[in-house]
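The block underneath contains the structure these notes are about, expressed in structure tokens.
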Amino acid sequence: MVLDKEKGTHPFIWCLAIICTLICIAVIITGIAVFIGYMVIHPRIPILSVANATLGTMRYSQSGLLETQMTIIIRAENDNIKAHASFSDTAFILSFQGLVIAKLVADPFEVEKNSSIYFDYEVTSDEIPLDSGRMHQVDLSLKKKVITFDFKGNSRTQWRVWLLGSVKFWCHLDCQLRFHTSNGTYINSRCSSKTK
């Protein structure tokens with residue numbers, strides 16, 4: 001009986017094993033770097049919120065014409081201690097019962113580390129004709145002495161995380177602005193962005 005000589009491992013298999021080992025080491029080092037970056041920076045997602053609002057004028061005629069003038073103050077907030085944030089593609093829509101009153105936009109802007117900036121939007125609408133359903137809602141609002149407007153919008157946020165690159169999110173704002181019809185004061189409610 002003749003025994004075969006043992007065959008050694010083919011060089012291609014060794015090369016493949018070395019490449020797989022290097023990839024595994026790179027993934028582990030990247031994971032450690034991301035974890036250390038997170039622990040050092042403690043990143044927080046920048047947010048948009050309604051800081052305040054005022055209903056300066058609200059005129060409603062029995063023929064179904066609604067005219068409004070209001071001020072909406074938006075706060076862009078960056079709680080990151082070690083990174084400034086940039087906002088772009090910022091746009092909001094103010095509506096009443098699904099009827100668009102105004103579209104509000106902002107040019108790209110930046111918020112420094114651990115700070116906030118405010119935007120004052122002055123919204124003045126011409127007389128808007130209302131259908132019977134919306135007229136009924138205005139009548140109910142006047143009886144309750146509170147009127148509600150819908151306020152929705154988006155902004156793309158981005159900030160750099162140390163040496164790891166930049167992080168991007170969309171901030172979505174979807175809330176209702178409620179005002180006393182007698183004096184136009186804003187009924188404060190939580191209105192902050194959510195991210196996606």
Side-chain angles (χ1 to χ4, degrees), residues 34-58 66 68-125 128 134 137-138 141 144 146-181 183-196:
V34 168
F35 178 74
I36 290 171
Y38 179 81
M39 295 305 289
V40 168
I41 295 174
H42 295 292
R44 294 189 178 141
I45 297 170
I47 60 170
L48 294 171
S49 61
V50 174
N52 200 358
T54 305
L55 180 60
T57 304
M58 183 182 129
L66 177 67
T68 60
Q69 182 280 321
M70 70 179 72
T71 302
I72 303 170
I73 301 171
I74 303 293
R75 177 178 52 231
E77 189 175 346
N78 178 19
D79 288 335
N80 288 304
I81 297 172
K82 299 187 179 187
H84 75 276
S86 61
F87 291 77
S88 61
D89 300 324
T90 304
F92 305 102
I93 294 178
L94 176 69
S95 61
F96 177 73
Q97 297 292 316
L99 180 66
V100 174
I101 294 174
K103 293 180 182 177
L104 314 170
V105 296
D107 291 330
F109 60 94
E110 293 192 359
V111 180
E112 294 299 318
K113 304 171 189 174
N114 203 27
S115 66
S116 301
I117 60 172
Y118 294 84
F119 292 94
D120 294 0
Y121 287 103
E122 294 289 333
V123 180
T124 303
S125 72
I128 301 169
R134 292 184 180 105
Q137 287 298 321
V138 172
S141 297
K144 293 179 182 177
V146 173
I147 190 161
T148 303
F149 295 90
D150 296 314
F151 192 66
K152 299 180 180 184
N154 304 305
S155 185
R156 179 186 295 256
T157 61
Q158 176 178 342
W159 70 100
R160 279 195 73 73
V161 179
W162 198 32
L163 302 173
L164 305 177
S166 61
V167 178
K168 297 176 186 177
F169 284 96
W170 276 99
C171 291
H172 299 281
L173 196 65
D174 185 358
C175 54
Q176 294 184 324
L177 305 179
R178 299 172 64 226
F179 299 93
H180 292 288
T181 56
N183 57 14
T185 56
Y186 175 57
I187 300 170
N188 203 357
S189 61
R190 181 167 170 75
C191 182
S192 296
S193 61
K194 296 176 175 59
T195 58
K196 287 189 180 178

Practice task
Could you list all the salt bridge (Lys or Arg N to Asp or Glu O under 4.0 Å) pairs where at least one residue sits in residues 85-100, not counting sequence neighbours?
Solution key: Asp89-Arg156
Practice task
State the CD1-CH2 distance between Ile45 and Trp170, to the nearest 0.5 angstrom.
Solution key: 14.5 Å
Completion exercise
Value for CD (Gln69) from CG (Leu55), rounded to nearest 0.5 Å, stands at 8.0 Å
Exercise for the section: Please report the shortest heavy-atom distance between Phe179 and Gly184, naming the atom on each side. Expected result: CD2-O, 3.6 Å
Fill in the blank from the handout: One should read off an interatomic distance between Gln137 CD and Leu66 CG, to the nearest 0.5 angstrom, of 12.5 Å
Practice task
Applying ring pair (Phe, Tyr, Trp, His ring centres under 6.0 Å), name anything that partners Tyr118, two or more places apart in sequence or on another chain.
Solution key: none
Handout entry: Ser193 side chain vs Leu173 backbone, donor-acceptor pair below 3.5 Å
Key = no
Handout entry: For Cys171 against Thr157, the heavy-atom pair lying closest together
Key = SG-CG2, 3.5 Å
Completion exercise
Sorted by chain and residue number, the side-chain hydrogen bond (donor to acceptor under 3.5 Å, both in side chains) partners of Thr185 (sequence neighbours excluded) come out as Asn183
Fill in the blank from the handout: Residues at least two apart in sequence or cross-chain that pass side chain to side chain contact (heavy atoms under 4.5 Å, CB included) with Asn52, listed by chain then number, are Ile73, Tyr186
Handout entry: Listed partners of Ser125 passing side-chain hydrogen bond (donor to acceptor under 3.5 Å, both in side chains), at least two apart
Key = Thr68
Handout entry: For Arg178, all residues meeting salt bridge (charged side-chain N to carboxylate O under 4.0 Å, His left out), sequence neighbours excluded
Key = none
Handout entry: Ile72 and Phe119: CA distance, side-chain angles, deciding distance, side chain to side chain contact (heavy atoms under 4.5 Å, CB included) verdict
Key = CA-CA 8 Å; Ile72 303 170; Phe119 292 94; over 6 Å; no
Practice task
Tell me, please, which residues at least two apart from Thr90 pass side-chain hydrogen bond (donor to acceptor under 3.5 Å, both in side chains).
Solution key: Ser155
Exercise for the section: Under the side chain to side chain contact (heavy atoms under 4.5 Å, CB included) rule, collect the residues that match up with Glu77, sequence neighbours excluded. Expected result: Ile47, Arg75, Asp79, Ser116
Handout entry: Residue pair His172 / Lys152, side-chain heavy-atom distance below 4.5 Å
Key = no
For residues 94-113, run the donor-acceptor check on the side chains, cut-off 3.5 Å, and write out each pair with its distance to 0.1 Å, sequence neighbours left out.
| residue | atom | partner | partner atom | Å |
| --- | --- | --- | --- | --- |
| Glu110 | OE1 | His84 | NE2 | 3.3 |

Handout entry: Thr148 side chain reached by Leu177 side chain, heavy atoms, under 4.5 Å
Key = no
Problem - Expected output: side-chain Asp120 to main-chain Ile74 donor-acceptor under 3.5 Å - result: no
Handout entry: 4.5 Å side-chain heavy-atom contact, Tyr121 and Thr71
Key = no
Handout entry: From Met70 atom CE to Met58 atom CE, the distance as rounded to the nearest 0.5 Å
Key = 9.5 Å
Handout entry: Inter-residue atom distance Ser192.OG - Leu48.CG, 0.5 Å rounding
Key = 9.0 Å
